[in-house]
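So the structure is just underneath, and the comments pick up after that.
As the structure lists them, so they are numbered: ligands from 1, and atoms in each ligand from 1.
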Amino acid sequence: MDTMYITHPASHLHEMGALHPDSPKRIDAISDQLIMSGLMPYIDNCHSSLRASDEDILRVHTMDYLNYLRNHIPKKGSYHTIDMDTIMNSYTLDAAFYAAGAGLLAIDSVFNKQVNNAFCATRPPGHHACSNRAMGSCFFNNIAIAAKYAISRYNLKRLVIVDFDVHHGNGTEEIFANDSSVLMCSFFQHPFYPDTELICSQNMCNIPVKAYADGSFIRNIVTSRWVPSIKLYRPELILISAGFDAHIEDDMGQLNLNESDYKWITDVLVDMAEKYSSSRIVSFLEGGYDFSSLGRSAVMHMRSLARL
Ligand SMILES: [Zn+2]
C-alpha cells in the first residue's frame with residue numbers, strides 16, 4: 001500500500017470545552033468519511049501513533065516552554081487557558097506528545113519504504129505553535145518536530161513544508177526562517193488570524209490572499225509560485241500542513257475552496273514528490289472545523305496520496 005493513516009486515542013481526550021471549534025469530533029468526521037468512501041482497504045490504517053520523546057520536542061521548542069506546559073497540566077475535569085483559544089485539559093499534554101509522535105512514525109515509515117506517504121489525523125494541531133509558546137489551539141509544532149527529526153535522523157539537506165490551511169502558519173515560519181534546509185510554501189487569508197508579521201526570508205514562499213479567493217485563484221498561486229520554487233529546490237521530502245478550513249463550507253475562514261481543489265493541490269505535490277523525493281510525503285491535520293467538508297476534503301487528500 002502507498003499510504004498510511006495514523007491516529008491515536010489521545011486525540012479524542014484532549015478537548016477545550018463544548019463550544020470550542022477544535023473538537024475531538026473532527027477526527028471522527030475524517031474516519032467516518034474514510035470508511036464511507038470505500039478507500040479503507042487501500043490505506044494502511046492499522047497504525048497508532050508513537051509518543052514523541054522530550055529530545056524530539058526540544059529540537060523545536062525551548063526547555064522553559066516544555067516545563068511551563070508540564071507545570072500547568074490541570075486536574076481532571078478542569079481547564080487551564082493559555083491564550084484565548086488554546087486551552088489545556090488533563091489529557092492535552094499527552095495528546096500533544098502523541099500528535100508529535102505521529103509525524104516521527106510517519107517519517108520512519110516513508111524512509112523505510114514501508115509506504116510512500118502518510119496522513120497523520122491527530123490533535124492538537126501544530127502550525128501556530130512557536131518555539132516558546134502555544135497559540136491558536138496549537139501546543140507543539142508537529143510538522144516542525146517531524147522536519148527536525150528527518151533532518152537529524154536521515155541527514156536531509158532539503159525538505160519542503162507546504163501549508164494550505166486558511167490561517168498563516170506563523171509558528172512554522174518563525175521556526176524555519178532563514179534555515180536553508182527548509183523551503184516553506186503556503187497561501188493564507190490576509191488580513192486574518194493570527195495577524196502576525198510575515199517574516200522576510202529567502203526560504204519562505206508564503207502568499208497572503210484576500211478573503212473570497214476561489215480555487216482557480218489558489219491553483220494559479222500553486223502553479224506560478226510554489227511549483228517553480230519546489231522544482232528549483234529539489235526537496236528530499238515533502239511535508240504538508242493540511243488544514244481544510246479554506247473550504248467554502250467552513251465558516252472559520254472566508255476562502256472558497258472545495259474538495260476538488262484539495263485533490264488538485266495534493267496531486268501536484270504527489271507529482272513533485274515522485275520527481276524529487278522518492279515519492280516521500282508526510283501530511284499533518286491542521287484546521288478544518290465544518291465536519292462534513294473536513295471529512296470529504298481529507299478523504300480527497302488521501303485519495304490523491306494513495307493515487308486512487
Ligand atoms: Zn486554520
Side-chain angles (χ1 to χ4, degrees), residues 11 14-17 19-27 29-30 82-87 95-96 99-100 102-103 119-130 133-144 161-175 184-198 204 206-215 217-218 221-222 239-259 261-262 265-266 283-298 300-301:
S11 292
H14 158 62
E15 55 88 19
M16 299 186 280
L19 298 178
H20 199 291
D22 182 11
S23 150
K25 291 180 186 155
R26 297 174 60 229
I27 305 292
I30 294 172
I82 293 191
D83 75 10
M84 61 178 181
D85 51 10
T86 314
I87 297 161
F119 178 60
C120 304
T122 50
R123 301 175 52 255
H127 73 153
H128 296 305
C130 297
R133 70 186 167 117
M135 67 180 284
S137 306
C138 301
F139 293 85
F140 294 149
N141 195 310
N142 304 317
I143 199 165
I161 293 179
V162 167
D163 187 328
F164 56 67
D165 192 275
V166 77
H167 301 100
H168 176 210
N170 62 297
T172 313
E173 185 182 79
E174 179 248 344
I175 290 160
M184 181 178 178
C185 298
S186 76
F187 62 82
F188 56 91
Q189 183 177 327
H190 180 78
F192 197 41
Y193 183 89
D195 276 328
T196 38
E197 292 249 323
L198 261 184
M204 294 292 154
N206 298 332
I207 320 290
V209 300
K210 290 198 172 113
Y212 309 109
D214 64 5
F217 187 86
I218 296 298
I221 286 175
V222 172
L239 304 179
I240 304 175
S241 266
F244 300 99
D245 43 7
H247 195 286
I248 190 167
E249 293 169 28
D250 196 313
D251 291 339
M252 184 63 77
Q254 287 78 42
L255 295 188
N256 291 345
L257 271 62
N258 58 42
E259 50 269 43
D261 295 312
Y262 291 116
I265 294 170
T266 313
S283 177
F284 299 79
L285 176 65
E286 300 285 358
Y289 304 96
D290 174 79
F291 295 145
S292 173
S293 61
L294 167 64
R296 283 159 23 226
S297 302
M300 287 301 256
H301 179 55

(request) Could you tell me if the ring centre of His128 sits under 6.0 Å from that of His167? (result) yes
(request) Would you please indicate if the ring centroids of His127 and Phe284 are separated by under 6.0 Å? (result) no
(request) Starting from the C-alpha separation in whole Å, work towards a yes-or-no answer on ring-ring contact (aromatic ring centres under 6.0 Å, His included) for Tyr289 and Phe244. (result) CA-CA 8 Å; Tyr289 304 96; Phe244 300 99; over 10 Å; no
Name of whichever N/O/S atom of [X] is nearest to the Zn ion (ligand 1):
| X | value |
| --- | --- |
| Asp245 | OD2 |
| Asp165 | OD1 |
| His167 | ND1 |

(request) Answer yes or no: is there an ion pair linking Arg123 with Glu286, defined by an N-O contact shorter than 4.0 Å? (result) no
